[in-house]
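Note on naming: letters A, B, ... go to the chains in the order of the sequence lines (proteins, then strands), and numbering restarts at 1 for each one.
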Number of protein chains: 2
Amino acid sequence: MTKADSPSHEDLMKLDNFLCFAIYSTNHAFTRVYKPLLDELDLTYPQYLVMVVLWEKDDQTVGSLGERLFLESSTLTPMLKRLEAMGYISRVRDRADERQVRVKLTESGRALREKAENVPRGIANATGMKPAELVRLKQEIATLRTSLLR
Amino acid sequence: MTKADSPSHEDLMKLDNFLCFAIYSTNHAFTRVYKPLLDELDLTYPQYLVMVVLWEKDDQTVGSLGERLFLESSTLTPMLKRLEAMGYISRVRDRADERQVRVKLTESGRALREKAENVPRGIANATGMKPAELVRLKQEIATLRTSLLR
DNA sequence: ATAAAATAAATCGTTCGCGATCTAATCGCA
DNA sequence: TGCGATTAGATCGCGAACGATTTATTTTAT
């Protein structure tokens, strides 16, 4: 492919040229890097993301967690039940609107935050990127996500 | 956070500052964008990636597919069985080394390639990015993946 | 005031993805 | 040559993830 041409079907059909595959495989890579760090907290990677959202703002509905994480209730409900079984959160129907379930941190869930404090640095480290670069790349990808969901 | 400081724990603990979450959620966004395009081919997104690898190079072992896609045999074996059941590939033990399974496209699997020809452009379009940008971003993320797996 | 529409979460069935383990085949080397 | 180590896939159990559907509640419109 020369500079002036638009990419050919041939080029577009190569896995290594897929932006989506770069994302897909890097996502798996992150999961692997997180594994040993999160094992100590007894959390899976998606469970950890839920906890991060709750540490940021406690007492949220399933719906608001889903909006924040881009997940459906069919994904969250079972996950939240697991976190509840582990004692990190409580799930209670909202008295004012019984359709909603309010998800709150337990004492144990709040306490976990301290244990998780050093996780982000461990991850940032594994990327081998400088903080500023990292922020820029993150922002570019978030923008891409917005385009895709539009 | 001022320019001179390194990021605080507080900052690092916010979901929106997580590079990994940008990747995680953008991966899901890609899956959603692919869905309607791949429905016409009766393929899931991961199945499509397997087909792309085979269209690039036919007759590979489970191991080489896994190396290419960063997937384990425990993931691939069931997927390949589904693709076989759909008639797109065949799985045959290698006569020279019976430990290996050779995965080959069927006539139908090769034919599918034409139907899939316009998928990449549809996706590229949905990103709203120019080809050159897209290549650069893809490369940055692939480099990140390499760092993470190191 | 009540029936219809909308909303929130849960449930079900299917596919992915992994780690741990198992089985079968091949290799290495004494 | 033969037996222990290695390798390649397959299997199993578990946790995501989604779409489609269901159930329960609330809102709206008549």
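- Shown for residues 66-85 of chain A: residues whose heavy atoms fall under 4.0 angstrom of DNA chain C, namely A:S73, A:S74, A:T77, A:K81.
- A salt bridge does not link A:K104 to A:D58: none of the charged nitrogens lies less than 4.0 Å from a carboxylate oxygen.
- With respect to the salt-bridge test (charged N to carboxylate O, under 4.0 angstrom), the residues A:R136 and B:E140 qualify.
- Within a heavy-atom distance below 4.0 Å of DNA chain C, the residues of residues 15-45 of chain B found are B:T44.
- At C:dT26, none of the side-chain N or O atoms of B:Q100 fall inside 4.0 Å of OP1 or OP2 (strictly under the cut-off).
- Around atom CD of B:E98, more than 12 heavy atoms belonging to other residues, nucleotides or ligands sit under 6.0 Å away.
- Chain B approaches DNA chain D over the interval D:dT7 to D:dC18, counting the first and last nucleotide 5' to 3' with an atom under 4.0 Å from its heavy atoms.
- Within a 6.0 Å sphere centred on CD of B:E133, heavy atoms belonging to other residues, nucleotides or ligands number more than 12.
- For the pairing with B:L112, the side chain to side chain contact (heavy atoms under 4.5 Å, CB included) check across B:E117, B:M51, B:M86 returns one residue only, B:M51.
- One distance of note links CG of B:L54 with CZ of B:R113; it measures 11.0 Å at 0.5 Å rounding.
- Paired with B:D16 under the rule side chain to side chain donor-acceptor pair (under 3.5 Å), one option of A:R68, A:Q139, A:K138 passes, and it is A:R68.
- The NZ atom of B:K57 lies 14.0 Å from the CG atom of A:L15; values are rounded to the nearest 0.5 Å.
- Rounded to a whole Å, the CG atom of B:D94 is 19 Å from the P atom of C:dA24.
- Within 4.0 Å of A:R102, counting heavy atoms only, lies no atom of the nucleic acid at all.
- With salt bridges taken as basic N to acidic carboxylate O contacts below 4.0 Å, none links A:K81 and A:E84.
- Aromatic ring pairs are classed by plane angle as parallel below 30°, tilted from 30° to 60° and perpendicular above 60°; the pair B:Y45 and A:Y24 is perpendicular.
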